[in-house]
Amino acid sequence: MTATTTTSITTALLHLSTLLHLSTTAFSIGVNYGTLANDLPSPSQVANFLKTQTIIDSIKIFDTNPDILRGFANTNITVTVTVGNGDIPALVDANAASRWVANNIEQFYPQTRIKLIAVGNEILFTGNKEWISHLVPCIKSLHQALVRAGINDVKVSTPYTLGILQNSVQPSAARIKPAYGKVVFAPMLEFLRQTKSPLLVNPYPYFSYSPSMEDYILFKPNPGIHDDNTNITYTNMFVAMMDAVYSAIKAMGYDDLDIVVAESGWPSLGDPNQPMCTVENAVLYNKNMIKVVTSGEGTPLMPKRRFETYVFALFNENLKPGTAAERNWGLFRPDFSPVYDVGILSNIGKSTGSSPSPTKSPFTGPSTSPTKRPPTGSSSSPTKSPSTGSSPSTDSSPSPTTSPSTGSSPAPTTSKTWSEPKADASDEALQANKDYVCSQGAHCKPIQTGGACFNPNNIRSHAALLIPLIMMWFVYI
């Protein structure tokens, strides 16, 4: 082989391995794992399904359920846990915080990759003055308890609805409501900056649905909403919401913070008076949202950024109260069959067609997954504007023309065509290229020891799995 050929192969591999890395991270997505149902599989079965059948690499739960934390041990799937709203005041006390960390974090960590503690859920929305006044002190107390325990890579934050914003129809004008700004947000944002923790937000265009806004909310072609200050026309609400959050924290001097989408989704079935709750709409919204957060194109005000995102929700939950929509937010049914496909099933899951058989869930008590509702709390009607009344609100603020997801085409799925290495490709060459590609961050877990595609344990079988991801290796030609 000549030097020129070797250089060409190396260059091609560098380029293709970069594409491989992007392709395996671009569709990586998290889910909210609620358990208000009596027919769910066990946590260990859920963990095995997510690990072997999907590209989901993170979950968020609404409590610190020990069965879930044990079930996800040694899976390499990261877990965000939640402090109950009512526990917030007591955990301001240093001793109480240390006990909480010992009981709910230390005994599972690091075998279970707990990455973040969400303190409460949408606390400002509750209007509970005691919870609100103790929110930031509780967050600081838990952080200090983690430090005392020698745990330095578990972050602490809290999720917000976009009802915290005002003037967000034009995203550049969005600001934190004055009632929250100095008392809660200024110290909160400063804490997040000092600890390099993310701001968690729950944007739900669903709750701003109206027939006249349908195209704008569901990423269909539409004239958009123009932002006079930036001269940007937003053609989908989700992106406008993200830019509204960015504008609000930028105005306070914290535009360097990471923004995480802690919840967003769309129900696939509703009552007769909920015609927007369809599989088609759920696919349109979730696929396009995933495309926005994972494409790397970012938003008009946050270009070239990806956003860690947790889709609501993993399963349909049959014991949730309220309308039919409340019980149908799931990507999957309890038997692991998909309600619809948003591109998160891995090749392994698609090619084998296998899924663990569920057992009865031990979770039949109070909901650990919040009931989705309009942030006003006054109506289950998704046409209700959460914060500004008659105009599109903060929780409903528009989304962009220059967004990476303009138009109505859904995001691509991860389905791929299987290939085989050419017959004259040597095992040595295949092994060398496999080692190189995997060293560059490729998703090689399935073909590593213990992985779902490790057997048959030979380089040609392993190469066949990798070929679709990088399209073709030069040494096969």
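All values below come from the heavy atoms of this structure, side chains included, with hydrogens, waters and symmetry mates left out. We count residues from 1, following the sequence as given.
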Measure the shortest side-chain to side-chain distance between Val311 and Met289 over non-hydrogen atoms and say whether it is less than 4.5 angstrom. yes
Where the side chain of Ser346 meets the backbone of Gln53, is there a donor-acceptor pair that is under 3.5 Å apart? yes
Could you note down all residue pairs passing salt bridge (charged side-chain N to carboxylate O under 4.0 Å, His left out) where residues 93-119 supplies at least one of them, sequence neighbours left out? Lys115-Glu308
Between Asn38 and Asn318, do the side chains contain an N or O donor and an N or O acceptor separated by less than 3.5 Å? yes
When you measure from the side chain of Thr294 to the backbone of Ile290, do you find a donor-acceptor pair of N or O atoms at a distance under 3.5 Å? yes
Evaluate side chain to side chain contact (heavy atoms under 4.5 Å, CB included) for Phe125 paired with Ile164, printing each intermediate quantity in order. CA-CA 8 Å; Phe125 164 72; Ile164 58 175; over 6 Å; no
Any residue meeting side-chain hydrogen bond (donor to acceptor under 3.5 Å, both in side chains) with Asp258, in chain and number order, not counting sequence neighbours: none
Quick one: do Cys277 and Leu269 satisfy side chain to side chain contact (heavy atoms under 4.5 Å, CB included)? Show the steps, please. CA-CA 5 Å; Cys277 301; Leu269 181 67; 5.6 Å; no
Are any non-hydrogen side-chain atoms of Val184 and Tyr160 less than 4.5 angstrom apart? yes
Minimum heavy-atom distance Val101-Leu146, with the two atoms named: CG1-CD2, 3.8 Å
May I have the step-by-step check of side chain to side chain contact (heavy atoms under 4.5 Å, CB included) for Val201 and Val260, ending in yes or no? CA-CA 6 Å; Val201 296; Val260 169; over 6 Å; no
If only side-chain N and O atoms count, and only distance matters, is there a donor-acceptor pair under 3.5 Å linking Thr323 with Asp271? no
Backbone N/O of Ala186 and side chain of Glu190: donor-acceptor pair under 3.5 Å: no
Steps toward side chain to side chain contact (heavy atoms under 4.5 Å, CB included) verdict (Met242, Val292): CA-CA 10 Å; Met242 297 298 287; Val292 169; 5.9 Å; no
Have Asn286 and Tyr340 got a donor and an acceptor in their side chains that come within less than 3.5 Å? yes
Which residues share a ring pair (Phe, Tyr, Trp, His ring centres under 6.0 Å) with Phe72, sequence neighbours left out: none
Of all residues at least two apart in sequence or in a different chain, which pass the salt bridge (charged side-chain N to carboxylate O under 4.0 Å, His left out) check with Arg333? none
Tell me, do Phe49 and Pro41 make a side-chain contact under 4.5 Å, heavy atoms counted? no
With side chains defined as the heavy atoms from C-beta onward, is the minimum distance between Asp57 and Ile55 less than 4.5 Å? no
Looking at every non-hydrogen atom in both residues, tell me the closest pair between Ala47 and Thr75 and how far apart they are. CB-CG2, 4.0 Å
Checking Glu317 side chain against Thr35 main chain: does a donor-acceptor pair fall under 3.5 Å? yes
Is the backbone N or O of Tyr310 less than 3.5 Å from a side-chain atom of Asn32, with the two atoms forming a donor-acceptor pair by type? yes
When Lys250 is tested against each of Val245, Asp243, Leu301, Asp255 for side-chain contact (heavy atoms from CB on, under 4.5 Å), which residue passes? Asp255
Check the angle between the aromatic planes of Tyr204 and Trp329 and answer parallel, tilted or perpendicular using the 30° and 60° thresholds. perpendicular
Return the CG to CD1 distance between Leu192 and Ile249, rounded to the nearest 0.5 Å. 9.0 Å
Inter-residue atom distance Asn103.CG - Phe108.CZ, 0.5 Å rounding: 8.5 Å
Between atom OG1 of Thr161 and atom CD1 of Ile123, what is the distance when rounded to the nearest 0.5 Å? 11.0 Å
Atom of Ser197, atom of Leu257 and distance for their closest heavy-atom approach: O-CD2, 4.4 Å
When rounded to the nearest 0.5 angstrom, what distance separates CZ in Arg70 from CD in Gln111? 12.5 Å
How would you list, by chain and number, every residue that makes a ring pair (Phe, Tyr, Trp, His ring centres under 6.0 Å) with Phe191, sequence neighbours excluded? His143
Can you name the closest pair of heavy atoms from Val79 and Leu69 and give their distance? CG1-CD2, 3.9 Å
side-chain hydrogen bond (donor to acceptor under 3.5 Å, both in side chains) involving Asp256 - partner list, sequence neighbours excluded: Arg193
Is any side-chain heavy atom of Arg148 closer than 4.5 Å to a side-chain heavy atom of Ser98? yes
Could you report the tightest heavy-atom contact between Ala173 and Asn229, atom names first, then the distance? CB-ND2, 4.1 Å
Set out, in order, the CA-CA distance, both residues' side-chain angles and the distance that settles side chain to side chain donor-acceptor pair (under 3.5 Å) for Glu122 and Asn202, then state yes or no. CA-CA 8 Å; Glu122 302 180 345; Asn202 296 348; 2.8 Å; yes
Taking Thr309 for the side chain and Phe307 for the main chain, is one N or O donor matched with an acceptor at less than 3.5 Å? yes
When you measure from the side chain of Thr82 to the backbone N and O of Ile61, does any donor-acceptor pair fall under 3.5 Å? yes
Any donor-acceptor N/O pair, Trp266 side chain to Pro205 backbone, under 3.5 Å: no
Phe185 vs Tyr254, test: ring pair (Phe, Tyr, Trp, His ring centres under 6.0 Å). Steps then yes/no. CA-CA 10 Å; Phe185 258 81; Tyr254 292 93; 9.7 Å; no
Using side-chain heavy atoms (C-beta onward) and a distance below 4.5 Å, is Leu50 in contact with Leu314? yes
Arg327 side-chain N/O to Gly322 backbone N/O, donor-acceptor pair under 3.5 Å: yes
Check for a donor-acceptor pair, side chain of Gln170 on one end and backbone N or O of Asp228 on the other, with a separation under 3.5 Å. yes
Closest approach of Asn152 and Val147, non-hydrogen atoms and distance? OD1-CA, 4.4 Å
Quick one: are Pro171 and Thr299 in side-chain contact, heavy atoms under 4.5 Å? no
Describe, in one word, how the ring planes of Tyr285 and Phe219 are oriented to each other, choosing from parallel (under 30°), tilted (30 to 60°) and perpendicular (over 60°). tilted
Any side-chain heavy atom of Lys60 within less than 4.5 Å of one from Leu116? no
